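Accompanying notes for the structure given below.
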Amino acid sequence: MKKVLNKVEDLVIEMCEGMIKAHPTQLAFDKKFKIISRAKVNKQKVSLISGGGSGHEPAHGGFVGTGMLDAAVCGDVFASPSTIQVYNAILKTQSEKGTLLIVKNYSGDCMNFDAAAEMAEEDDDIKVARVYVNDDVAVKDSLYTVGRRGVAGTIFVHKIAGAAAEQGMSLEEVKAVAEKVIANVRSLGFALTSCTVPAKGSPTFSLAEDEIEFGVGIHGEPGIAREKLPSAAELAKRMVDQIVDDVPFKAGEEVAVMINGLGATPLQELYLLNNSVADCVEAKGLKIYRTFVGNFMTAIDMAGASITVLRLDAQTKALLDAAADTPALKI
Amino acid sequence: MKKVLNKVEDLVIEMCEGMIKAHPTQLAFDKKFKIISRAKVNKQKVSLISGGGSGHEPAHGGFVGTGMLDAAVCGDVFASPSTIQVYNAILKTQSEKGTLLIVKNYSGDCMNFDAAAEMAEEDDDIKVARVYVNDDVAVKDSLYTVGRRGVAGTIFVHKIAGAAAEQGMSLEEVKAVAEKVIANVRSLGFALTSCTVPAKGSPTFSLAEDEIEFGVGIHGEPGIAREKLPSAAELAKRMVDQIVDDVPFKAGEEVAVMINGLGATPLQELYLLNNSVADCVEAKGLKIYRTFVGNFMTAIDMAGASITVLRLDAQTKALLDAAADTPALKI
Amino acid sequence: METFTKDQVIGTIASMCDIIIENEVPFCELDSAAGDGDFGMSLAKGFKVVKAEWANHSRDDIGAFLKDCGMIITEHCGGASGPIWGSGFRAMGKYAHGKEALNLVELGEMVQAAIDAVQKRGGAKLGDKTLLDALIPAVESIKASGSAAETFAVALPKSAAAAVAGGESTKLIAATKGRASYVGDRSISFPDAGATAIGIIFNRLLAR
Amino acid sequence: METFTKDQVIGTIASMCDIIIENEVPFCELDSAAGDGDFGMSLAKGFKVVKAEWANHSRDDIGAFLKDCGMIITEHCGGASGPIWGSGFRAMGKYAHGKEALNLVELGEMVQAAIDAVQKRGGAKLGDKTLLDALIPAVESIKASGSAAETFAVALPKSAAAAVAGGESTKLIAATKGRASYVGDRSISFPDAGATAIGIIFNRLLAR
Ligand SMILES: Nc1ncnc2c1ncn2[C@@H]1O[C@H](COP(=O)(O)OP(=O)(O)O)[C@@H](O)[C@H]1O
Ligand SMILES: Nc1ncnc2c1ncn2[C@@H]1O[C@H](COP(=O)(O)OP(=O)(O)O)[C@@H](O)[C@H]1O
Ligand SMILES: [Mg+2]
Ligand SMILES: [Mg+2]
Ligand SMILES: [Mg+2]
Ligand SMILES: [Mg+2]
């Protein structure tokens with residue numbers, strides 16, 4: 001393993017402190033509970049908290065700021081933050097209008113955020129609502145499973161629910177907007193290489209020089225199939241087909257598109273992929289309202305990318321366009 | 001080589017088109033001469049043109065927009081755009097106030113931008129000024145060499161000269177500001193892995209699992225020394241020392257810091273590096289006015305990073321803080 | 001009637017901490033095949049704190065001791081393991097409130113309380129390819145031994161064997177809960193990390 | 001007096017295109033040691049267009065033909081090679097304006113014009129570890145042969161040998177111009193890509 005690193009066990013703390021030093025007027029960091037929050041809490045708006053394991057940078061700390069999150073709770077690499085950490089984030093950003101937890105749908109995250117919400121409701125009478133993002137179409141959703149996992153689509157939930165909260169909507173309204181985004185967003189990812197979890201020190205899986213892992217998540221979990229590396233155009237077509245047919249999105253609808261790098265794939269390739277993706281999305285009769293290309297929800301140092309498509313309506317379009325001022329996204 | 005790619009020879013064009021599709025209202029693309037320019041040229045301000053070989057994304061196309069560049073000319077991967085391409089960019093963005101070319105100090109780039117400037121001055125009576133960015137302290141500057149090369153510090157020149165142009169300054173004034181930035185900016189980089197030039201298909205150099213190449217540029221050229229991977233803190237100390245002692249910057253002065261990823265290094269490591277860098281810069285008695293962490297000037301898919309420090313004064317501080325709205329940098 | 005004393009319970013938890021810390025890497029490897037490879041680390045992280053804070057846990061009774069352990073696990077274990085093992089320990093603490101010793105029937109009831117809490121927290125049931133697939137057979141075995149008034153010496157090895165068999169059985173099923181569920185049928189033939197770990201911990205405890 | 005006719009010049013440039021295109025990969029490798037590995041590609045890119053547009057170049061005289069080639073090289077060669085080879089060809093075109101044939105003295109003067117243009121554009125001189133280190137000895141050799149009224153058959157192999165020796169000599173020096181200069185002393189022991197290529201091209205032309 002070759003990384004810019006001091007001691008592995010200090011990674012999350014040092015990374016968060018490096019982030020605070022880069023954005024000292026915007027962000028604050030609680031070292032004990034590893035909470036990145038806005039430097040100044042606005043008690044008059046619904047508070048938005050997200051978080052999860054670390055290793056997804058800039059998610060989630062990079063999306064803390066005006067128009068998006070109020071706090072991000074940082075677990076260890078790929079491990080949900082504990083109930084106590086989340087509980088303290090709720091206390092720290094407590095507002096008059098209540099708190100919305102934006103949880104990526106993973107057992108660990110759900111259990112910890114749920115338990116923390118119950119604690120805050122029972123012990124501190126804080127109104128806490130929760131939404132679970134589950135945009136990854138690589139995972140089959142059925143009654144018998146925990147359902148799809150949450151990946152890059154989470155950023156659209158942060159952005160749109162964040163704008164709703166900033167406009168002064170009630171907890172119920174912000175939650176409804178977040179759920180509308182979740183119902184309309186789908187993603188799919190692929191890996192050219194595994195990531196390396198620093199504490200483990202070696203890649204989680206290995207791929208041959210001409211192989212990809214199709215349908216991966218954001219933790220180095222295996223995807224749904226291992227296969228030969230296709231061209232960017234073939235990859236785009238197949239992924240867009242699978243995403244668009246899942247909801248399904250219908251011709252004439254407007255969408256936002258996100259081409260998300262998983263950490264080690266350069267912008268060069270992401271923009272090249274967007275070239276094909278945009279064509280495929282338009283070939284489906286969809287109208288691209290806005291596109292985001294970059295590293296938003298990564299899997300440490302994995303080479304690969306994910307494609308996210310979000311169906312928009314007048315309300316979500318306006319909220320997507322609303323001002324946001326965070327380290328990783330400014331609009 | 002494992003990349004998201006169609007045909008290697010179409011890479012630059014497809015990447016540029018993917019960029020335009022992501023930012024259709026902001027940018028325009030001239031396919032024949034591979035020029036990314038603002039969708040709307042403002043003829044009342046000095047035009048700023050930069051560019052160079054491709055492979056440094058988001059540089060330079062990502063910095064085209066209000067408050068920064070007017071056009072970026074895209075060469076093939078790591079090869080300067082031709083004289084004719086640059087000449088056409090000058091024509092395309094011609095303004096009443098003249099044109100400033102921001103050239104990274106490489107033989108190829110200098111020769112092509114110089115020849116293009118002469119062509120535009122002689123054939124079209126366009127006032128063209130030029131500045132050469134040479135911030136890399138890894139390279140010894142002497143009377144007998146071509147001098148230091150231009151790396152990530154170029155982004156500060158784009159930003160600050162861009163703001164000066166946007167404010168309506170004359171060509172002479174914008175050039176003077178750009179030269180002030182160049183005189184006060186220094187960078188140093190290191191690589192954990194080589195990059196892979198797509199047309200070649202294999203890494204330019206190879207490093208052992210515990211080795212870094214210290215003092216690399218942004219083209220996979222060898223650095224100044226190959227050595228054992230130090231800790232992030234050691235790396236930061238040594239690099240900051242070398243940068244700060246070069247000018248030299250003096251205690252009490254205010255600086256901007258950029259931690260620039262070379263393409264495949266995740267934000268996690270960049271923020272962790274910033275944590276150490278900020279401490280080292282402050283230990284030198286310098287005051288950090290503003291910090292930028294991210295991928296700004298990459299070497300395709302190289303793992304590694306560079307550190308840039310820019311000494312500021314009242315004028316450059318104000319220009320650094322001025323509004324900018326480009327795909328890769330918004331202020 | 002034969003009982004497990006408070007000191008024996010405390011000694012068992014001390015051994016359990018050591019076993020979990022020693023197995024950090026192998027437990028991570030168990031989680032690599034279909035999970036995300038951090039199970040050993042997440043678990044060890046909390047149990048290391050349990051050990052570091054050893055002198056501070058209440059010794060008032062078995063329940064108070066287990067509750068203090070449970071709070072630390074909830075705070076310091078990462079991932080899914082924090083709420084699962086934390087709520088399990090806290091539930092055992094609640095059950096054993098005021099107790100100075102446990103007979104076999106009580107031991108069974110206490111572990112059942114842990115299982116109920118884990119099910120309440122995570123919503124999994126037998127056959128979902130989680131550590132419940134080892135814990136449930138183990139507790140059923142203890143309960144049967146309790147009804148048959150067997151000695152600890154007879155009952156515990158049987159229960160450990162049931163846990164191991166339960167862990168083995170997870171090889172045959174596709175995960176439906178936890179991270180391994182995302183790979184669906186590709187999780188078949190790899191046993192669940194949590195369930196396998198339960199079998200290993202039980203056996204090592206017996207060996208001490 | 002012996003001369004090189006317009007058709008011979010055109011034939012030589014045709015061969016030169018082929019040699020450069022055939023050597024795309026080896027020329028890139030020459031540039032990998034201390035440069036950025038793209039020299040072969042950059043050069044070939046322009047000469048491929050010279051070939052593709054072959055029928056469209058003016059045949060009015062040697063100068064017109066070389067100038068058209070030079071314009072294409074300037075437009076389509078990437079990197080440093082575009083302005084260097086482009087200005088060289090354009091300068092030869094200017095020198096040979098109106099000429100239908102060249103004697104040895106004129107050939108020397110024409111190559112000297114190219115060298116002057118390259119020096120004007122790039123500011124390098126002999127010993128800076130650039131292609132000038134091959135070109136300058138080669139042209140000096142031609143000039144000497146011209147003064148001595150040698151035949152082409154005697155003069156050209158001598159000039160090619162001087163180019164090769166000049167290329168070899170770049171091994172001993174640290175680059176001060178071009179990308180290789182950034183590695184300073186680490187460029188020592190690797191010959192300059194451009195200078196080595198000049199030697200190879202001269203020799204291959206003679207072999208045809
Ligand atoms: N909902 C659940 N109920 C009970 N046990 C679960 C549940 N989800 C996961 N587990 C157990 O947790 C183990 C994984 O723990 P860990 O690696 O810490 O979690 P994470 O999935 O957050 O990485 C699994 O092997 C499984 O035994
Ligand atoms: N200033 C210069 N004058 C003359 N020749 C030069 C100069 N700079 C570079 N060269 C030549 O160009 C060659 C490299 O060309 P190329 O690889 O196309 O350029 P780049 O440095 O842009 O990658 C060098 O080997 C050298 O011979
Ligand atoms: Mg985990
Ligand atoms: Mg080059
Ligand atoms: Mg796990
Ligand atoms: Mg080169």
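Values reported hereafter were calculated over all heavy atoms of this structure, with side chains retained and with hydrogens, waters and symmetry mates removed. All figures in this text were calculated on a predicted structure; none of them were measured in a lab. Quick note on labels: first sequence line is chain A, next is B, and so on, each numbered from 1.
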Check each atom of [X] against the heavy atoms of chain B and say whether the ones under 4.5 Å are side chain, backbone, both or neither.
X: A:N295; answer: side chain
X: A:T25; answer: neither
X: A:L207; answer: both
X: A:P24; answer: neither
X: A:V77; answer: side chain
X: A:A299; answer: neither

As an exercise, state the distance from [atom1] of [X] to [atom2] of [Y], rounded to the nearest 0.5 Å.
X: A:E269; Y: B:L11; atom1: CD; atom2: CG; answer: 8.0 Å
X: B:M19; Y: A:L270; atom1: CE; atom2: CG; answer: 11.5 Å
X: B:L273; Y: A:E14; atom1: CG; atom2: CD; answer: 10.5 Å
X: B:F292; Y: A:H23; atom1: CZ; atom2: NE2; answer: 10.0 Å
X: A:Y271; Y: B:I20; atom1: OH; atom2: CD1; answer: 9.5 Å
X: A:Q268; Y: B:D301; atom1: CD; atom2: CG; answer: 8.0 Å

Can you tell which of [options] has the highest number of heavy-atom pairs within less than 4.5 Å of chain B?
options: A:I300, A:V293, A:D325; answer: A:I300
options: A:E57, A:K2, A:K330, A:E211; answer: A:K2
options: A:G263, A:A264, A:G261; answer: A:A264

Considering only heavy atoms, which portion of [X] lies under 4.5 Å from any heavy atom of chain A: side chain, backbone, both, or neither?
X: B:P327; value: side chain
X: B:A59; value: neither
X: B:V257; value: neither

Worked check of side chain to side chain contact (heavy atoms under 4.5 Å, CB included) between B:V4 and A:L192 = CA-CA 9 Å; B:V4 179; A:L192 300 187; 4.2 Å; yes

task = Could you pull out the closest heavy-atom pair between B:N274 and A:G18, with the gap in Å?
result = ND2-O, 2.7 Å

key: Neighbours of chain A found in residues 226-237 of chain B - heavy atoms under 4.5 Å   = B:L229, B:S231, B:A232, B:A233

query = With a 4.5 Å heavy-atom cut-off, do A:N6 and B:L272 have their side chains touching?
reply = yes

message = Under a 3.5 Å distance rule, please check whether A:N275 uses its side chain to pair with a backbone N or O of B:M15 as donor and acceptor.
response = no

query = How would you list all residue pairs meeting salt bridge (Lys or Arg N to Asp or Glu O under 4.0 Å) that involve residues 15-31 of chain B, not counting sequence neighbours?
reply = A:D279-B:K21, B:D30-B:K92

